[in-house]
Amino acid sequence: GAGNGDLKVTVVDEDGHPLKVTIGDIDPDNKEVRVTPEHPGKHRVSVTWSGHPVPDGEIDLEVKKPLDLLACIVSDVNSNPVVGTQAHFTVDCSKVGSDDLK
């Protein structure tokens, strides 16, 4: 088992502001940590057990902007395609945000 101790997790944004962290039990030896970033940018996670740093417990996160799919524009649609010929249109995703759009 994990033994007696105090798990502490802190998350700060790139300006050094702390975020609210919630820690819950999965089972006696495992915890679930939840945090909701409020804006994009670098965030730093620090994990300690009874005041001692946990190995690999210093984590840098790069929080991305959410995707804005409403910014995706479909245009130049041929609304009268003909069988056997190519129908084509344009999809502009340049303002959607960064993600691996495929």
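Not measured: the values here are computed from a predicted model.
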Exercise. Under the side-chain contact (heavy atoms from CB on, under 4.5 Å) criterion, do T10 and V21 qualify, and how do the steps go?
Worked result: CA-CA 7 Å; T10 59; V21 174; 5.8 Å; no
For this session: Apply side-chain contact (heavy atoms from CB on, under 4.5 Å) to the pair C72 and V91, showing each step before the final yes or no.
Result: CA-CA 7 Å; C72 195; V91 180; 3.6 Å; yes
Problem set entry | side-chain contact (heavy atoms from CB on, under 4.5 Å) between K31 and D25, intermediate numbers included | CA-CA 5 Å; K31 306 293 182 188; D25 290 331; 2.3 Å; yes
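Each of H43, H39, R44 was scored for a side chain to side chain donor-acceptor pair (under 3.5 Å) with D13, with one residue passing: H39.
Between K42 and D60 there is no salt bridge, since no side-chain nitrogen of the basic residue lies less than 4.0 Å from a carboxylate oxygen of the acidic one. Salt bridge E32/R34: present, at least one basic N to carboxylate O contact under 4.0 Å.
Contact of the T36 side chain with the L19 side chain is not registered, since no non-hydrogen atoms from C-beta on lie closer than 4.5 Å. The closest side-chain heavy-atom distance from T22 to V35 is not below 4.5 Å.
Scanning both residues, I23 and V33, for their nearest heavy atoms gives CG1-CG2, 4.3 Å. The minimum heavy-atom distance between V74 and F89, with the atom names listed, is CG1-CD1, 3.9 Å. E14 and P40 get closest at one heavy-atom pair: OE2-O, 4.0 Å. When every heavy atom of P18 is checked against every heavy atom of V12, the shortest pair comes out as CA-CG1, 3.9 Å.
Here I73 contributes atom CD1 and S94 contributes atom OG; the two are 7.0 Å apart, rounded to the nearest 0.5 Å.
Within 6.0 Å of atom CD in E38, 12 or fewer heavy atoms from other residues, nucleotides or ligands are found, so the atom counts as exposed in its surroundings. Around CG of D56, the count of heavy atoms belonging to other residues, nucleotides or ligands within 6.0 Å does not exceed 12. Taking a 6.0 Å sphere around CD of Q86, one finds it holds 12 or fewer heavy atoms contributed by other residues, nucleotides or ligands.
Residues V11 and W49 fall within the same hydrophobic cluster, defined by Ile, Leu, Val, Met, Phe, Trp and Tyr side chains chained together at heavy-atom separations under 4.5 Å.
No side-chain donor from either of D6 and S50 sits under 3.5 Å from a side-chain acceptor of the other. A donor and an acceptor atom, one from each side chain of H88 and N78, are nowhere located under 3.5 Å apart.
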